[in-house]
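The block underneath contains the structure these notes are about, expressed in structure tokens.
Values in this document were obtained by computation on a predicted structure and should not be read as measured data. Every heavy atom of this structure was used, including side-chain atoms; hydrogens, water molecules and symmetry mates were not.
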Amino acid sequence: MDDRIRLDELNTLLVDTYESVLRVEEKSLKHVGGGDLSIAEFHTLECIGDGQDNRRTVGEIAEALDVTVPTVTVCVNKLVKKGYVTKTRSEKDARVAIIELTREGRKMNRLHRYFHEQMILAVEDEFSDEEMEILIRCLRKLNGFFEEKA
């Protein structure tokens, strides 16, 4: 295979795979009741859920998601309006906003995690053990490459 054709195919596969995962994720999550949430909002809920006691500060969320504080603030305000998180001021420092998942936010976070578990199980069914080992090794290497560039 010609180098240019191989590189074009690799580019297409990387972009298409990324976009396909997002489309499947969005479609699946809307189907189970998260229709009013964007993928970014689901990922924000997941990030908050990863915090101690299902809570984080806006700054912690921004750092974990590698986005700006204003971006997180906009997203959090939408999630507050939708009833998925609460926003309170820290007792120690009133400048710090504490974001916590509500009961509905925890439910959506569980649904999001369940989607990922099911997606991985479905992918695993498509590959032999040997293919899975190769896929994981290649993805680790690819992820390492992109982590270095970020």
N/O donor to acceptor pairs below 3.5 angstrom from side-chain atoms of residues 131-140, sequence neighbours left out:
residue : atom : partner : partner atom : Å
Glu131  : OE1  : Ser128  : N            : 2.8
Glu131  : OE1  : Ser128  : OG           : 3.4

Would you be so kind as to tabulate the donor-acceptor pairs closer than 3.5 Å made by side chains of residues 44-52, with sequence neighbours excluded?
residue : atom : partner : partner atom : Å
Thr44   : OG1  : Ala40   : O            : 2.8
Asp50   : OD1  : Arg113  : NH2          : 2.3

| task | Look at the side-chain heavy atoms of Ile, Leu, Val, Met, Phe, Trp and Tyr, link any pair under 4.5 Å apart, and say whether Leu142 and Val123 land in one connected group. | result | yes

| Honestly curious: do Tyr114 and Val24 fall in one hydrophobic cluster under the side-chain, below-4.5 Å linking rule? | no

| field | From CA spacing to verdict: salt bridge (charged side-chain N to carboxylate O under 4.0 Å, His left out), Arg55, Asp53 | value | CA-CA 5 Å; Arg55 61 192 335 197; Asp53 298 325; 5.4 Å; no

| Pairwise side-chain contact, Met119 with Val21, heavy-atom cut-off 4.5 Å (strictly under) | yes

| request: Give the C-alpha distance, both sets of side-chain angles, the deciding distance and a yes or no for side-chain contact (heavy atoms from CB on, under 4.5 Å) between Gln118 and Leu121. | output: CA-CA 5 Å; Gln118 295 305 303; Leu121 290 173; 4.0 Å; yes

| field | ILVMFWY cluster, Leu13 and Leu22 together (side-chain gap under 4.5 Å) | value | no

| request: Measure the shortest side-chain to side-chain distance between Thr57 and Ile98 over non-hydrogen atoms and say whether it is less than 4.5 angstrom. | output: yes

| remark: So the salt bridge (charged side-chain N to carboxylate O under 4.0 Å, His left out) pairs with at least one residue in residues 141-150 (sequence neighbours excluded) are none

| note | Value for OG1 (Thr86) from CG (Leu101), rounded to nearest 0.5 Å, stands at 8.5 Å

| task | Hey, could you give me the CG/CG distance between Leu37 and Leu29, rounded to the nearest 0.5 Å? | result | 8.5 Å

| note | Residue pairs passing the side-chain hydrogen bond (donor to acceptor under 3.5 Å, both in side chains) test with at least one member in residues 14-25, sequence neighbours excluded, are Ser20-Arg23, Glu25-His43, Glu25-His112, Glu25-His116

| task | Could you name each residue pair satisfying ring-ring contact (aromatic ring centres under 6.0 Å, His included) that touches residues 47-73, not counting sequence neighbours? | result | none

Please output the side-chain donor-acceptor pairs of residues 66-77 that fall under 3.5 Å, not counting sequence neighbours, one pair per line with the distance.
residue : atom : partner : partner atom : Å
Thr68   : OG1  : Thr71   : N            : 3.2
Thr68   : OG1  : Thr71   : OG1          : 2.7
Thr73   : OG1  : Val69   : O            : 2.9
Asn77   : OD1  : Lys87   : NZ           : 3.1
Asn77   : ND2  : Thr73   : O            : 3.2

| remark: Quick note, ring-ring contact (aromatic ring centres under 6.0 Å, His included) partners involving residues 76-97, not counting sequence neighbours, are none

| query | Would Ile5 and Val15 show up in the same hydrophobic cluster when neighbours are defined by side-chain heavy atoms closer than 4.5 Å? | reply | no

| side-chain contact (heavy atoms from CB on, under 4.5 Å) partners for Asp125, two or more places apart | none

| request: Please indicate whether Lys78 has more than 12 foreign heavy atoms, meaning atoms of other residues, nucleotides or ligands, lying under 6.0 Å from its NZ. | output: no

| query | Got a second to check how far Glu26's CD is from Phe115's CZ, nearest 0.5 Å? | reply | 10.5 Å

| said: Using 0.5 Å steps for rounding, measure from the CZ atom of Arg89 to the CZ atom of Arg95. | reply: 10.5 Å

| request: Would you give the length of the straight line joining atom CD of Glu63 to atom CD1 of Ile61, rounded to the nearest 0.5 angstrom? | output: 11.5 Å

| message | Run the side-chain hydrogen bond (donor to acceptor under 3.5 Å, both in side chains) test against Lys107 and tell me which residues pass, sequence neighbours left out. | response | none

| said: List the residues meeting side-chain contact (heavy atoms from CB on, under 4.5 Å) with Leu10, not counting sequence neighbours, and say none if there are none. | reply: Leu14

| said: Which residues pass the salt bridge (Lys or Arg N to Asp or Glu O under 4.0 Å) test with Arg4, not counting sequence neighbours? | reply: Asp8

| said: Asp129: which residues meet the side-chain hydrogen bond (donor to acceptor under 3.5 Å, both in side chains) condition with it, sequence neighbours left out? | reply: none

| request: Would you mind telling me which of Glu104, Glu41, Met108 makes a side-chain contact (heavy atoms from CB on, under 4.5 Å) with Leu79? | output: Glu41

